Amino acid sequence: MPSVTTLLKRWQELKAEYLQYADLQQEIAERVIPHRSNITRLLSPGERQTRELFDSTAVEASENLAASLHGTLTPSTQPWLSLKLRQEEFNELPDVKNWLEDCSRRIHAALRQSNWTTAVHEMYLDLVGPAAMGCLFVEEKAPLATGHFGGFRFATQAPGSYFVAEDAEGRIDTVFREVSLTARAILGKWKAEKVGDKIRDTVATKPDQRFTVLQAVMPNDDADRDERKRGPRHMPWRSTYLIVETRHKLEEGGFEEFPFLCPRWAKTSGEVYGRGPSHTALPDIKTLNKVVEFTLQAAPLAMIPPTIELDDSVVGELDLRPGGRNVVSGPGNRNLSELFAFMQTGMKVDLSELSIERLQGNIRRKYFSQLLELKDKPNMTIPEITIRHDEMLRMLGPTAGRLESEFLNPGVERYFGIMARAGALLPLPRTLAEQGQELPDLDIEYEGPLARAQRTVELTAQDRVFGFVAALTQAMAASGVPPAQAAAVWDVLKVDKWVRDRAEITGVRTDSLNSPEDVETARQIRAQAQQAEAERMQAMQTAEAAGKAAPMVKEIGAMAMAGQNGGSR
């Protein structure tokens, strides 16, 4: 494990690199997500956070985009992932399929029972806001008194409180995060013998004094690490907690999976931290706030402009209320406008309103508001609404690609690994256990609204082909082609697979469908029943025909007998 000096030096280096981005992030945060605007400027508790805001268009648009990402990628109200095995031949086995679906349900239930919803929404706000990236720490809660799995705990790291580094493939694999804790909280989280004399003494005198606790998580590159062994020293990721002020190491441990989920909206080559819609919209946001500020300053001049008065021409106090009376006096027969007049400021509110509307529209477009807000028209049908909604979701597809690789995939692997080690998942089915695998190689399929909307293209293609084949069959029958030959066109399509694909895309649960074996058995039973019925009908027809033929046979026999008798005479 690295020493405290080594860790503090690495922390200072990563922090110095981050400071190149900090000023820009602070500028964005003050205008987009004010409650995150303590990146380079320390805000006092209760201090006003909207000093730079004169228009809330960017705030509203960013919040809508964050909420939309949450609702379309990882909705809290419906399942959004399913598990598959990379060995495709296993996925069709009933026990494996049921086991995978059960694992998915258990993961969903564990997420719903944690603080997932609130934490991930904060992360989405950071993703569309100043940092253009999020940082979500995932850890396992302490086991229950019964020894069972205690659940997940999520902690969203604010911009400026964490510093990252990438590996050779551009993936974030190192995170240093700062946590401000009181002396009493440090003593409560770690044992008294681990916190050091300084913390113990502070707890006795100033229990609420705050200290900076630094957690460093990085790949475990120790040469003597043995993957076959357990324990923090042999885990793929090592973790160290230390107190910055006292340079005291609190805890050394490790993780089986990287515990931080750090998605970025987009990334410039050569940079580590993200860039997103707020970076693109910043010029318009700053301009809009200035235009609104100037408009607010100039509007009173247009409503109550300054006066031009001849010295001592106004009798008494100047009354600028609506309908107010101002008595003026002056020598001779001078014109009133020479004694008292309002200054023409040249302020045109209509021009400023046009500028404001144009800037607001530009900002909303940067945050995809035109895709997130469906434009209604009178008498819209349900199919029209569905098509528009699906189109909106498909347009966000490119953004979802990076989120899948940097957020969703590593997240599901982390959740699955924690629950599997805690015994919160069912044992491997016998088919997989016989393969000698402790945990199988899993693939993740996402079933949220965005993923489903992207796959509705398949449904549309199916509908078109189905309609074409149906029309072709009817045309062939109408042109005199024998019905059996016309119906043979359907043999081209794998109808069973189409039905199963359609059920999967639309979200039908696996246990609502019969297995291929059950379908084949039902078809055999039906075919046998149909064959038995056909044989019964044939037997009835034969018997009926025999019954009708019996009198005729009897009459023919009588005629033949009569002929023989006549011949003997």
Side-chain angles (χ1 to χ4, degrees), residues 82 84-85 87-102 382-383 429-431 434 455-569:
S82 62
K84 300 284 185 181
L85 294 182
Q87 297 87 342
E88 188 63 35
E89 63 272 14
F90 292 138
N91 289 324
E92 298 303 323
L93 299 178
D95 59 338
V96 174
K97 186 180 297 183
N98 293 336
W99 178 76
L100 290 171
E101 187 160 334
D102 183 81
I382 292 179
R430 181 183 303 176
T431 307
E434 291 174 353
R455 297 193 64 186
T456 53
V457 177
E458 301 178 33
L459 302 183
T460 303
Q462 284 187 356
D463 292 340
R464 290 175 178 173
V465 174
F466 186 90
F468 169 76
V469 174
L472 180 61
T473 303
Q474 293 178 358
M476 293 173 66
S479 62
V481 177
Q485 184 177 350
V489 178
W490 291 99
D491 297 338
V492 177
L493 305 179
K494 294 182 177 180
V495 180
D496 285 6
K497 187 175 187 306
W498 276 33
V499 173
R500 294 187 182 279
D501 289 347
R502 200 173 190 91
E504 178 186 355
I505 294 172
T506 53
V508 176
R509 288 172 44 162
T510 304
D511 56 5
S512 299
L513 304 175
N514 287 322
S515 66
E517 293 78 9
D518 293 340
V519 172
E520 184 62 28
T521 300
R523 287 175 175 173
Q524 290 178 359
I525 294 174
R526 188 183 303 112
Q528 293 172 0
Q530 291 175 350
Q531 183 178 359
E533 179 67 15
E535 292 175 351
R536 187 178 69 85
M537 294 297 297
Q538 184 176 1
M540 290 177 61
Q541 292 173 0
T542 302
E544 183 179 357
K548 291 180 179 180
M552 184 180 299
V553 172
K554 184 177 180 180
E555 183 177 352
I556 294 175
M559 293 174 62
M561 183 64 69
Q564 291 177 1
N565 293 333
S568 62
R569 292 175 185 176

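The figures that follow rest on heavy atoms only: side chains count, while hydrogens, waters and symmetry mates do not. As the structure is a prediction and not an experimental result, all values here were calculated from the model.
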Atom pairs and distances, donor-acceptor, side-chain atoms in residues 476-490, under 3.5 Å, two or more places apart:
unit_1, atom_1, unit_2, atom_2, d
Ser479, OG, Ala475, O, 3.2
Ser479, OG, Met476, O, 2.8
Trp490, NE1, Thr473, OG1, 3.3

Distance in Å, Asp102 CG paired with Asp95 CG, rounded so as to fall on 0.5 Å steps: 12.5 Å

Spacing of CD belonging to Gln530 relative to CE belonging to Met537, to within rounding of 0.5 Å: 13.5 Å

Closest non-hydrogen atom pair between Leu85 and Phe90, with its separation: CD1-CB, 3.6 Å

Donor-acceptor contact present, side-chain Asn514 to main-chain Val519, <3.5 Å: no

Test side-chain contact (heavy atoms from CB on, under 4.5 Å) applied to Asp463 - qualifying residues, sequence neighbours left out: Arg502

Euclidean distance, Leu93 CG relative to Trp99 CH2, rounded to 0.5 Å: 12.5 Å

Glu535 CD to Gln528 CD distance, which is reported to the nearest 0.5 Å: 10.5 Å

Enclosure of Gln538 CD (heavy-atom neighbours >12, cutoff 6.0 Å): no

